[in-house]
Structure formats: C-alpha cells, structure tokens
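Working notes for the structure below.
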Amino acid sequence: EKRVGGLGGAIATAMRNAPAIIGAVGVALGGLVVKSVQTAASFEQMAVSLEVLTGSAAAGGQLLKDITALANVTPMTTAGLLDNTKLLLAFGEAQKNIIPDLRMLGDVAGGNQEKMNSLALAFAQAGAAGRLQGQDLLQMINAGFNPLQVISEKTGKSMGELRAEMEKGQIPFSMLRQAFIDATSEGGRFYGMMEKQSQTLTGRLSTLSDTWTLVGKAIGDMFLPFAKKAVDVLIKLGDKAQNLTDKLSEVDFKKFGKEALESVPPLEMVAKSILKIGEAANWTIQKMVQLYNWDQKIKQQNKRDILEEK
C-alpha cells in the first residue's frame, strides 16, 4: 500500500509539473528554431556575397560548398574562410585559385585564424600590385613567415640581394606564390600543418562547432521561407503604424485648439484599431503555420503514394 501510495504521489507530482516542463521544452525548441533561422540567414548572405564576387549564382554556390567542406576538416571556421575568400576575390584573385590559396595560407598560418587574416591580406595586396613590397613582407614576417628565406634557399641568393631586388620591384608575385607553394609542399616547413592541427583538441572542437552549425543551417532552411513571410507581414504593419503617426504629427493642436483635438480619433477608437492590427498579425502567423503543416502532410502523403506504387 505504501508503494502504491508513493507511486500515486509521484504521478500526481509529475502531473502538476507537466505544464512547466512542457513550457520549458517549448521555450528550448523555440530558441533552437530562432537560432537555426539566424544561421540559415547568415549562410544566405554568404551565398549572395559570393554570387556577386564571382558573377554567378552557380559559381558562388559551389565555392561556398567548397569553403564549408574545407572548414569541416581543418581548424578554420566557415565564417573565417569566407572573409578570407571575399578579400582574395576583391583583390582580383581568380576563383579557381581560392581553395588552393586557402589551404596554402592556412598551412602557413598553422590553423590560426588571426595569422591567416594577416597573411591573406598581405598575399592579396602583393597579388594586386603584381610584386612583393616591403609592407607586405613585414606583415608576413609578423605572421610567422618570411618568403624571402624560402626564395633564398631555392635560388642560392642572399637575403640582402633579395631585399635589394624587392626594393627595385624585381620580386614578382609569381615568385612569392611559388615560395608559399614550396613551403607547404612535401618537404616544406609547413607541409600538412592544418591537417595535423585538426587532430588536436582545439581543432576537433572547431570541427564540432562547424558540424553543428551546418545542422542548424539545415533546420533553419526549412523555416526560412516562413520567417521571410512573417517579416514581410510585420514590415507592412510597421508601415501602417508609421503612416498613422505621420498623420498625427501633421495635426497642429495649438493652432486649431479644441477643433483639432475633436478631429483626432478617440482613444478607444485608436485602441480598437491597434487591437485589430494585432489580431490580423496573429491570424497571418496561424495561417503560415497551417500552410507549413499542410505542406509537410502533402509531402508525407506523396512519399507513401510512391512507396505503395512500388
């Protein structure tokens, strides 16, 4: 009897706490959806940026996929690599060179995003100028890489000779690129650096973070169209509210006195108008949810029909 009584009490307690538990789960799921939509919106912006810089939606989309894949197996993040990509493209780097450049610069940077940013900027500036210049060399050295040292090892020229040639503009960008290639190829000082760094705890945590970012993007992609529709509705409501305030601001209460005051809608009427706008917004959101549910049911029914036909 004691056991039965204890079980009954536990069930009663669970029933009392159920609304709070359900509410907490609902809040958590709502937060997940909001975060996922934000992630999907961020990726949408990335795709638009690359489309503009590459001149093609297809090329931009493929480049974004390649960047995401690279981030997933290195310590770098998708957002960081995208910033580096936009920088290189803005300075005139060819699209076909972007992924090889990112791998090369990432190896030299040792998987460090801050160093990667400095190297990418100096590399892009040298590429735009067509030659290595003093300021770019200094920036590379500060990031831990001296290309003249690699060139010296390959050519047999002294560092002094190479600096003199650089000051005369005689170190072309092609020679600088080759120095990066030599340093990151097999036998080079930085060969396989990002791959090795990706196996460290920091590298694995970075990969984990990017993996969950992609999961959030996938979830957000499902809700993004509905979020856009909801925002469009809110924008229209905001425009109506703005028009109302503009009309009220045009009334000169001091000039027209009592007549002007009487011409303003009573407070009760204004309140009813605002209430109707709120009801309209709520109705719109409910219809959007219904449309989404209907869409999912139709897709599920189509899948069942296909399976039955088979």
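Keep in mind that this is a model prediction, so the values were computed, not measured.
- Of the possible polar contacts, one joining the Thr77 side chain to the Gly80 backbone as a donor-acceptor pair under 3.5 Å is found.
- Between the side chain of Gln139 and the backbone N or O of Ser118 there is at least one donor-acceptor pair closer than 3.5 Å.
- Between atom CE of residue Met166 and atom CD1 of residue Ile151 there is a gap of 10.0 Å, rounded to the nearest 0.5 Å.
- No hydrogens or angles considered: a donor-acceptor pair under 3.5 Å links the side chains of Asn84 and Asn117.
- The shortest side-chain heavy-atom distance between Lys154 and Gln178 does not fall under the 4.5 Å cut-off.
- Residue pairs meeting the salt bridge (charged side-chain N to carboxylate O under 4.0 Å, His left out) criterion with at least one partner in residues 100-124, sequence neighbours excluded, are Asp101-Arg177.
- The shortest non-hydrogen separation linking Ile67 to Thr78 is CG2-O, 4.0 Å.
- Of the inter-residue distances, the one linking Leu102 atom CG with Leu63 atom CG reads 8.0 Å to the nearest 0.5 angstrom.
- Under the 4.5 Å side-chain contact rule for hydrophobic residues, Leu87 and Phe145 do not share a cluster.
- One hydrophobic cluster holds both Ile181 and Leu119 under the rule that ILVMFWY side chains link at heavy-atom gaps under 4.5 Å.
- Under the side chain to side chain contact (heavy atoms under 4.5 Å, CB included) test applied with Leu148, the options Ile141, Leu176, Leu137 reduce to a single match, Leu137.
- Between Gln113 and Leu81, the shortest heavy-atom distance links the atoms OE1-N, 4.3 Å.
- Using a distance-only test at 3.5 Å, with no hydrogens or angles considered, no donor-acceptor pair links the side chain of Thr184 to the main chain of Met104.
- Counting all heavy atoms, side chain and backbone alike, Val150 lies closest to Ala183 at CG2-CB, 4.3 Å.
- Closest approach of Ser152 to Met159, counting heavy atoms only: CB-SD, 4.1 Å.
- Among Ile98, Leu89, Thr85, the one residue that satisfies the side chain to side chain contact (heavy atoms under 4.5 Å, CB included) test with Leu53 is Leu89.
- Rounding to the nearest 0.5 angstrom, the gap separating the CD atom in Gln170 from the CE atom in Met175 is 9.5 Å.
- Once rounded to the nearest 0.5 Å, the distance linking CD of Gln95 with CG of Leu88 reads 12.5 Å.
- Between the CG atom in Leu162 and the NZ atom in Lys157 there is a gap of 6.5 Å [rounded to 0.5 Å].
- Between the side chains of Ser158 and Glu161, at least one donor-acceptor pair of N or O atoms lies under 3.5 Å.
- For residues 46-68, the set of pairs meeting the salt bridge (charged side-chain N to carboxylate O under 4.0 Å, His left out) definition, not counting sequence neighbours, is empty.
- The ring-ring contact (aromatic ring centres under 6.0 Å, His included) pairs that include a residue from residues 78-130 are Phe123-Phe173, Phe123-Phe180, where partners are two or more places apart or lie in different chains.
- Hydrophobic clustering keeps Leu121 apart from Leu105 (ILVMFWY residues linked when any side-chain heavy atoms are closer than 4.5 Å, directly or through intermediates).
- Between the CG atom of Asp136 and the CG atom of Leu132 there is a distance of 6.5 Å, given to the nearest 0.5 Å.
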